[in-house]
Amino acid sequence: MSFRHSVDDDPDGVGQDEPLLAADYSRSSSRPSPTSDTMRASSLASFRNYWLASVLCCGGVLFGYDSGVIGGVLTFDSFQNDFRFGAFGPRSETSVSSIGVGIQQAGALVGCFAVWPLTNRLGRRIAMMVCSLIFCIGVILEVINSHSLSTFYVGRVICGLGIGGSATVIPIYMSEMSPKDSRGRMGSCYQLSYTIGILISYWLDYGVKFMKSSSTQWQIPIGMQMLFGALMGLGMLTLEESVRWLLFQGDHERAWKSLTWIRASDSEEVRAEFEEMERGVEVERHATAGFSLQELLEWPNAHRMLLGFGLFLAQQSTGSTALAYFGPQFFSLLVGSSGNKDLLLTGIFGAIKVVACFTFVTLVADRFGRRTLLMSGAAFMAACMLTTAAVVKDRPPPGGGAITSAGIATVALIYLDIIAYNCSWGPLPWPCTSEIFPTRIREPGVAFGVGSQWLFNFVWSFSTPYIMSGIGWATFLLFGVFDVIIVIFVFFCVKETAGKTLEEINALFDSPGSETEISNPPWKGISRQMQPENTLELNESHGSSSVQGKSAKYIE
């Protein structure tokens with residue numbers, strides 16, 4: 001993250017003057033009375049918080065919708081005829097499915113990292129609006145009936161750039177603006193909106209399947225993406241910039257204005273929150289001073305990086321990502337491909353995902369340990385996948401539109417599998433990854449984890465059509481075996497972080513002989529013990545600080 005000034009830019013004291021700024025900015029505003037005005041301000045603050053979440057969740061709906069809509073569109077005869085590949089047989093269909101889905105994930109991988117300099121230099125709002133514009137340009141290229149797969153693929157890549165960038169900025173922006181007592185709930189709304197987007201796409205695909213076979217049949221579901229992309233971009237015009245980003249830029253006046261807008265108040269409580277944010281920004285400036293990428297390769301930082309990488313590799317290897325993208329194709333393996341049963345079952349599949357994710361957010365999230373949920377979820381998914389593979393091998397769908405008891409049983413198993421996923425591996429890798437990194441390396445660490453998520457999303461979305469075409473029923477066996485391996489991975493490699501402070505989590509990764517100790521902000525009057533070769537000298541009497549050596553290693 002780029003900052004306007006360094007640790008040594010405050011020679012008179014670390015953060016000594018900023019708290020006064022908060023008071024200065026608030027004196028010009030009238031204080032609400034502790035009666036109806038206070039209640040009105042509280043209601044307005046709640047409305048603005050949920051409005052912010054709604055605007056940002058358009059990005060989640062966009063991500064989910066775009067992920068789910070393509071699988072159904074690729075099965076339409078109208079789409080295959082317009083782009084002139086259906087007549088070349090299954091091999092051509094497999095190739096288009098693989099490239100059409102996978103190439104967008106490649107774009108999202110690039111967008112995930114390309115957005116960092118943009119959001120750090122121009123702010124969260126501008127970055128989100130740019131992502132929205134890029135995405136809408138991509139949709140235009142997709143929806144034009146150009147009869148050219150190359151043009152369609154270019155549109156998919158451009159859409160991926162917008163999705164990858166927005167999916168990176170949204171969680172950061174939401175966490176920086178949300179009140180601390182509702183941050184977890186508002187953050188979980190993004191995952192929930194993702195499943196809602198998938199649900200909408202599945203049922204829209206199912207609905208347009210009954211239309212007359214024409215270009216409009218596939219253009220409607222593809223074009224609907226622009227609605228969510230435009231709503232996200234236009235909605236950003238109604239929001240204020242992130243308070244913490246403004247503080248990092250040294251713009252305390254705009255930061256105070258942004259905070260009082262989202263809290264709808266300039267009360268003492270809000271002033272105290274602002275001062276706490278100012279101090280937190282100074283802590284992060286000190287914690288990241290002199291950072292070098294080489295530190296990421298040093299143990300235990302390398303341990304954290306590998307764990308974040310492994311969590312998202314496991315998440316994408318459960319089989320649920322492949323099911324989300326190619327639901328109709330998977331259900332065709334279970335009940336045959338005649339009629340619209342595959343699209344109908346995919347629509348029900350999407351509804352179950354929403355219910356399961358909502359249940360996790362409201363009832364499950366903080367009641368059990370991370371390891372317990374991850375291991376039990378993977379074990380349950382392994383049982384579902386392995387049983388499905390055995391049933392499909394022994395009793396394949398007879399064809400002719402007939403639905404057998406074996407087909408019903410395998411569909412039920414897939415539904416149970418996705419319930420387990422959305423109560424474990426769907427939502428949990430995100431908080432697990434953000435928890436294991438200390439402040440000093442949190443930004444590159446989380447970026448590495450999110451990047452690996454997009455990487456393996458691309459790997460599975462690109463390879464799944466070829467796997468299904470090549471081994472058929474054994475696709476379920478493959479994912480079942482991976483789920484078993486994931487259970488072993490969690491048991492031996494994943495540490496329990498639920499219910500622990502960030503300091504306690506950091507201590508889990510420190511080697512027994514580590515000389516690094518928990519650091520404290522200098523204004524609390526507690527001296528810091530640092531490693532001899534990388535010392536941070538604090539002159540407590542004058543409030544000044546200077547960094548010597550390459551870096552100073554902290555535990556948060």
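Quick caveat, the model's predicted, so the values are computed rather than measured.
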Task: Intermediate values then yes/no, side-chain hydrogen bond (donor to acceptor under 3.5 Å, both in side chains), Q316 and T321 - done: CA-CA 6 Å; Q316 297 301 309; T321 295; 2.7 Å; yes
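A donor-acceptor pair is defined here as one N or O able to donate and one able to accept, closer than 3.5 Å; such a pair exists between the side chain of T433 and the backbone of P429. For N301 (side chain) and E295 (main-chain N/O), a donor-acceptor pair under 3.5 Å exists by modelled atom type. No donor-acceptor pair under 3.5 Å is formed between the side chain of S424 and the backbone N or O of L374. A donor-acceptor pair under 3.5 Å is formed between the side chain of R304 and the backbone N or O of I436. Using modelled atom types, no side-chain atom of T119 and backbone atom of W116 make a donor-acceptor pair closer than 3.5 Å.
For the atom pair L62 CG and C57 SG, the distance stands at 12.0 Å (nearest 0.5 Å).
The number of heavy-atom neighbours closer than 6.0 Å to CZ of F113, taken from other residues, nucleotides and ligands shown, is above 12.
In terms of the ring pair (Phe, Tyr, Trp, His ring centres under 6.0 Å) criterion, residue partners of F63 (sequence neighbours excluded) are, by chain and number, Y194, W454.
Using cut-offs of 30° and 60° on the angle between ring planes, the pair Y65 and F228 is tilted.
Under the 4.5 Å side-chain criterion, counting only non-hydrogen atoms from C-beta, V55 is in contact with M236. Using a 4.5 Å heavy-atom cutoff, the side chains of F509 and L307 are in contact. You'll find the side chain of W256 stays beyond 4.5 Å of the side chain of L246, heavy atoms only.
With salt bridges taken as basic N to acidic carboxylate O contacts below 4.0 Å, one links E273 and R263. The pair R285-E282 meets the salt-bridge criterion, since a charged nitrogen lies less than 4.0 angstrom from a carboxylate oxygen.
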